[in-house]
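A short worksheet on the structure shown next.
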Amino acid sequence: MEWEEVRAYVNQYCLLRDVQFAAYELYARKYGLTAKELFVLDIIWFSENGCLQSEISERLSATKQTVSAIVKKFWKLGYLSLTESEADRRNKIVRFTEAGVEYTKKIIPPAANAEIDAMAELSGEDIAELVRITTLFSNQMLKKFNEIKEC
């Protein structure tokens, strides 16, 4: 495929990605949150036994400082508890408090259900193809970006 044709597809794909991210951002704003804060709450919500701040950072490709600031915000509001990890005392296990569960259950489950409902509109084959192709493209993106030499 010619470079210009591929570039047109990249632009089209980027617009679609932006639509998806905007959906999260607009939804988060309804609750006075940023998309990144929404994603942190989502990760914690679906972590049965809590999760490490480092796991959140890795999953979001966010700095430890960014995740720490978000966690601290929700901790100050009484929504999160922090417990030292037995494996690494420098790392904290993040869990919801009862108040955090009450706050978050109005936000995360409806968003997760919206994602599931949206994907359920696709056929099983289309869902599998979407995941397969997105995985291939994501892996290539990581590879190509890692190959870029710093100036």
Q) Going from CE on M141 to CG on N146, what distance comes out if it is rounded to the nearest 0.5 angstrom? A) 11.0 Å

Q: Enter the distance from T97:OG1 to W75:CH2 here, rounded to the nearest 0.5 Å.
A: 12.0 Å

Q: Show the numbers, then the answer: is there a side chain to side chain contact (heavy atoms under 4.5 Å, CB included) between S85 and K92?
A: CA-CA 5 Å; S85 167; K92 303 280 189 251; over 6 Å; no

**Q.** Linked, directly or transitively: F74 and I93 (ILVMFWY side chains, under 4.5 Å)
**A.** no

[X] [atom1]: over 12 foreign heavy atoms closer than 6.0 Å:
X	atom1	result
Y27	OH	yes
E58	CD	no
K73	NZ	yes

Q | Pair S138-T135, side-chain donor/acceptor within less than 3.5 Å | A | no

Q: Would you kindly say whether Y103 and E98 are connected by a side-chain donor-acceptor distance under 3.5 Å?
A: no

**Q.** Side chain proximity check, Y79 to T104, heavy atoms < 4.5 angstrom
**A.** no

(Q) A side-chain contact here means heavy atoms from C-beta on lying under 4.5 Å apart; do I44 and R95 qualify? (A) no

Q) Are the side chain of E121 and the backbone N or O of A118 linked by a donor-acceptor pair below 3.5 Å? A) no

Q) Any donor-acceptor pair under 3.5 Å linking the side chain of N113 with the backbone of P109? A) yes

(Q) Quick test of your reading of the model: are R132 and E129 salt-bridged, counting only N-O distances below 4.0 Å? (A) yes

(Q) Taking the six-membered ring for Trp, are F137 and Y13 closer than 6.0 Å centroid to centroid? (A) yes

Q: Over all heavy atoms of both residues, which pair between E37 and G32 is shortest? Give the atoms and the distance, please.
A: OE1-O, 4.2 Å

Q: Return the minimal non-hydrogen interatomic distance between F39 and L60, and the atom names on each side.
A: CB-CD2, 3.6 Å

